[in-house]
There are 2 protein chains.
Amino acid sequence: MPVHKKKLSEKIDLGGGHRMTPQRQVVYDVLMSSRDHPTATEVFIRVQEKMSSISLATVYNCLDTLAVAGIVKQVNVDREPSRYCGNLAPHAHFHCETCATVMDIDLKDGVEPSGSVKLPRGAKIQKVEVAVRGQCPECVRTNKRKNIS
Amino acid sequence: MPVHKKKLSEKIDLGGGHRMTPQRQVVYDVLMSSRDHPTATEVFIRVQEKMSSISLATVYNCLDTLAVAGIVKQVNVDREPSRYCGNLAPHAHFHCETCATVMDIDLKDGVEPSGSVKLPRGAKIQKVEVAVRGQCPECVRTNKRKNIS
DNA sequence: AATATTATTTAGAATAGTTCTTGATAAAAA
DNA sequence: TTTTTATCAAGAACTATTCTAAATAATATT
């Protein structure tokens, strides 16, 4: 019995001979409709609602393929599970230590994130990441205690 | 037979009822005499030269205790193994994707690292991390290719 | 269309860094 | 000294992720 039935409405080129498969499309759709930054497992759970036969390994594969193709971003906060994000515009991340969510923060116009550091002379810079840790406005307001021991 | 013989020259208070034990002291000494950013396993190897009976689990315990006490820093680059650093002054990190080393970079005087981002209003900021990825001067000079597939 | 080639999916095994468990040991407090 | 608390060590356990291998599907070629 065939597992795949869905027709693709629009084909996005992933480059390198990679195909936009139904699984990759569903994973991509889930990410594009997420404002939070789900982990692979969270993506898996959301994807399962649309395609119950998909496996976690495939979700990992798809996320990796999409990230390598450059159409989604992999976001790492310390050594916690990787999170994925469909926002391709340059931005930084805020990590709330109380509710453990990750949210985007915009960069100020005209200010280079690398401007605050003395870059080693002769180095080739590929990317500069700015990550802020603390307590998000929501958690400050409700005065929650940290849920991380 | 007793495992611990070394007398402590100077007792550093770790707070919270924690003791500066011979193992913790050796781990601390190794870190303070390292200019690179060794992983737990690398610290373990260096520590073994001074105290051959120590276990990897103890090195992990010591590193954690020292980090919680705030006298060393734990440095995370993406989801790679944690690295440890005795430099307590505020600074950023440069990660070379060719030789995989992590080096400190100084902050520019009078420039706040958080100055490049629009911090969420109402949030409580705990720390701002700036990480730069690229190729270090040494690797640029010798024109090495990436060693990461 | 039929065949050959290549890419993809899947389940489960394997991996690696780290944490946890347990009993023994040692230091500090009483 | 006795009691309490902290620490150490070995190995088991855990977890996020990657790998393996076989089945399947899509694309290219004939």
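Computation of the quantities below employed the complete heavy-atom set of this structure, encompassing side-chain atoms and omitting hydrogens, waters and symmetry-equivalent molecules.
Residue B:Arg19 places no side-chain N or O under 4.0 Å from the OP1 or OP2 atom of C:dA28. The side chain of B:Gln23 contributes an N or O atom lying less than 4.0 Å from OP1 or OP2 of D:dA9. The side chain of A:His18 places no N or O atom within less than 4.0 Å of a non-bridging phosphate oxygen (OP1 or OP2) of C:dA7. In this model, the phosphate group of D:dA25 is not approached by any side-chain N or O of A:Thr21 to a distance below 4.0 Å at OP1 or OP2.
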Considering only nitrogen or oxygen atoms on both sides, find all protein atoms under 3.5 Å from nucleotides 12-15 of chain D and state each distance.
none

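Heavy atoms of B:Ser82 sit under 4.0 angstrom from primed sugar atoms or phosphate atoms, though from no base atom.
One atom, CD of A:Gln25, and another, C1' of D:dA25, lie 17 Å apart when rounded to the nearest Å. In this entry the distance linking CD of A:Glu80 with C1' of C:dT18 reads 14 Å, nearest Å. Distance CG (B:Asp78) to C1' (C:dG17): 15 Å, rounded to an integer number of Å.
Using a 4.0 Å cut-off between charged side-chain N and carboxylate O, B:Arg133 and B:Glu80 make a salt bridge. Salt-bridge check for A:Arg83 with A:Asp36: failed, with every basic side-chain N at 4.0 Å or more from each acidic carboxylate O.
Every residue two or more places apart in sequence or in another chain that forms a side-chain contact (heavy atoms from CB on, under 4.5 Å) with B:Ile125 is listed here: A:Phe94, A:Val132, B:Leu119, B:Ala123, B:Val128. Taking B:Asp64 as the reference, B:Val68 meet the side-chain contact (heavy atoms from CB on, under 4.5 Å) condition, with sequence neighbours excluded. Partners of A:Asn61 by side-chain contact (heavy atoms from CB on, under 4.5 Å), not counting sequence neighbours: none found.
Distance from the side chain of B:Arg24 is smallest to D:dC8 among C:dT6, D:dC8, C:dT9.
Less than 4.0 Å separates DNA chain D from at least one heavy atom of each of the following residues of residues 54-70 of chain B: B:Ile54, B:Ser55, B:Ala57, B:Thr58.
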Could you give the side-chain donor-acceptor pairs of residues 104-111 of chain B under 3.5 Å, partners two or more places apart or in another chain?
{"residue": "B:Asp104", "atom": "OD1", "partner": "B:His37", "partner atom": "NE2", "Å": "2.6"}
{"residue": "B:Asp104", "atom": "OD1", "partner": "B:His91", "partner atom": "NE2", "Å": "3.1"}
{"residue": "B:Asp104", "atom": "OD1", "partner": "B:His93", "partner atom": "NE2", "Å": "3.2"}
{"residue": "B:Asp104", "atom": "OD2", "partner": "B:Asn87", "partner atom": "ND2", "Å": "2.8"}
{"residue": "B:Lys108", "atom": "NZ", "partner": "A:Gly115", "partner atom": "O", "Å": "3.3"}

